[in-house]
Amino acid sequence: LFDREFEKSLLDIERKLTRNQQPGKYDEYLVASGIKPKERLELIIPDEVRRVARKTLYEFAKTTPLEYAYQMLLLLVMLSKSDVNGWFSVEETARCFMKFYRLRREAGLPSEKKRGSKVAVVDNPDVTLAAMCDLVKTRPFPRFERKGLLGLSEDSQYFLINPALVEDLTNEVHRELRALAIRRIAEHFQQSIVEILALVVNVMG
């Protein structure tokens with residue numbers, strides 16, 4: 001309960017910290033004052049919210065139109081590179097994109113399907129990492145964002161998976177979504193699933 005006594009205890013701790021200027025002492029002072037700090041933030045998300053988020057992700061993976069393979073590549077990076085909190089690096093995502101398209105060129109395959117006179121950023125073998133970071137943030141990411149599946153950190157360096165999804169990204173869900181994404185990329189390029197799988201494993205493991 002945050003009452004007057006609790007407030008006095010916190011003020012006393014603040015005074016001690018001000019006098020001693022010792023980083024990392026805050027938890028120690030809390031315990032000495034009889035206050036047990038929480039070890040981690042508990043976030044309880046209702047089952048219905050999680051169910052809707054999971055359904056949205058599956059529907060997105062199955063039905064989002066693919067002008068290029070970008071959405072499915074971002075999904076694969078999300079599944080393979082995110083940490084336990086659902087964060088994964090924009091720069092690492094861009095590097096995966098660059099490697100995927102470089103390996104396609106080295107195999108004698110077109111980087112992307114031709115769309116009339118349009119030239120995709122990934123068609124440029126000399127594309128910079130900065131340009132690829134811009135691509136992943138401005139092309140596939142907004143589609144995920146509009147569906148409430150991904151966010152972007154304040155410093156724009158990390159993609160953040162919707163917390164309602166993180167706990168439900170089990171090994172089984174990973175396998176199902178990975179297989180779905182690979183199948184859709186194979187259909188997009190009109191190649192075999194085996195060929196695309198080998199490419200994805202080379203890029204992301």
Open item on the list: With a 4.5 Å cut-off on side-chain heavy atoms, are Gln71 and Leu66 touching?
Closed with: yes

Task: Hydrophobic cluster identity match, Ile193 and Ile185, side-chain contacts under 4.5 Å - done: yes

Open item on the list: With a 4.5 Å cut-off on side-chain heavy-atom distances among I, L, V, M, F, W and Y, is there a chain of contacts connecting Val52 to Ile45?
Closed with: no

TODO: Determine yes or no for a side-chain-to-main-chain donor-acceptor pair under 3.5 angstrom, with Arg178 supplying the side chain and Leu79 the backbone.
DONE: no

- [ ] In plain terms, say whether Glu106 and Arg102 are close enough for a salt bridge, that is, a side-chain N and a carboxylate O under 4.0 Å apart.
- [x] yes

Task: SB check Glu67 Lys118 (cutoff 4.0 Å) - done: yes

- [ ] Decide yes or no for Met78 and Leu57: does some side-chain heavy atom of the first lie under 4.5 Å from some side-chain heavy atom of the second?
- [x] yes

Open item on the list: Testing Leu199, Leu197, Leu75 one by one against Ile182 for a side-chain contact (heavy atoms from CB on, under 4.5 Å), which residue passes?
Closed with: Leu197

Task: Any donor-acceptor pair under 3.5 Å from Thr93 side chain to Ser89 backbone - done: yes

Open item on the list: Check whether Lys99 reaches the backbone of Asn202 with its side chain - one donor and one acceptor, N or O, closer than 3.5 Å.
Closed with: yes

- [ ] Over all heavy atoms of both residues, which pair between Val173 and Leu169 is shortest? Give the atoms and the distance, please.
- [x] CG1-CD2, 4.0 Å

Open item on the list: Could you tell me if the side chain of Cys96 sits less than 4.5 Å from the side chain of Glu91, heavy atoms only?
Closed with: no

Open item on the list: One thing to verify: whether Glu92 and Arg95 come together as a salt bridge, which I'm taking to mean a side-chain N less than 4.0 angstrom from a carboxylate O.
Closed with: no

TODO: State plainly whether one hydrophobic cluster holds both Val166 and Tyr158, where clusters connect Ile, Leu, Val, Met, Phe, Trp and Tyr through side-chain heavy atoms under 4.5 angstrom apart.
DONE: no

Open item on the list: Would you call the rings of Phe97 and Tyr70 parallel, tilted or perpendicular, taking 30° and 60° as the class edges?
Closed with: tilted

Task: Atom pair CZ (Phe144) and CG (Leu152), whose distance is rounded to the nearest 0.5 Å - done: 13.5 Å

Open item on the list: Using modelled atom types and a 3.5 Å cut-off, is there a donor and acceptor pairing between side-chain atoms of Asn85 and backbone atoms of Trp87?
Closed with: no

Open item on the list: Keeping Gln190 on the side-chain end and Glu187 on the backbone end, is there a donor-acceptor pair under 3.5 Å?
Closed with: no

- [ ] Indicate whether the side chain of Ser192 and that of Glu195 have a donor and an acceptor atom separated by less than 3.5 Å.
- [x] yes

Open item on the list: Can you confirm whether Val77 sits close enough to Phe88 that some side-chain heavy atom of one is under 4.5 Å from a side-chain heavy atom of the other?
Closed with: yes

Task: Cation-aromatic face contact Arg104/Phe189, 6.0 Å, 45 degrees - done: yes

Open item on the list: Would you say that Arg139 contacts Leu74 through its side chain, given a criterion of any heavy-atom pair below 4.5 Å between the two side chains?
Closed with: no

TODO: Please report the shortest heavy-atom distance between Ser156 and Val90, naming the atom on each side.
DONE: O-CG2, 3.7 Å

Open item on the list: Given 3.5 Å as the limit, does a donor-acceptor pair link the side chain of Asn162 with the main chain of Leu150, or not?
Closed with: no

TODO: Please tell me if the side chains of Tyr101 and Asp123 come closer than 4.5 Å, counting only heavy atoms from C-beta onward.
DONE: no

- [ ] Look only at the side chain of Arg184 and the backbone of Ala179, and say whether a donor-acceptor pair between them is shorter than 3.5 Å.
- [x] no

Task: Side chains of Val203 and Leu73 in contact at under 4.5 Å (non-hydrogen atoms) - done: no

Task: Exercise: identify the closest heavy-atom pair between Ala94 and Val136 - done: CA-CG1, 4.4 Å

Open item on the list: Please give me the minimum heavy-atom distance between Val127 and Ala131, naming the atom from each residue.
Closed with: CG2-CB, 3.8 Å

Task: Minimum side-chain heavy-atom gap Ser153-Leu160 below 4.5 Å - done: yes

- [ ] Answer yes or no: is there an ion pair linking Arg175 with Glu172, defined by an N-O contact shorter than 4.0 Å?
- [x] no

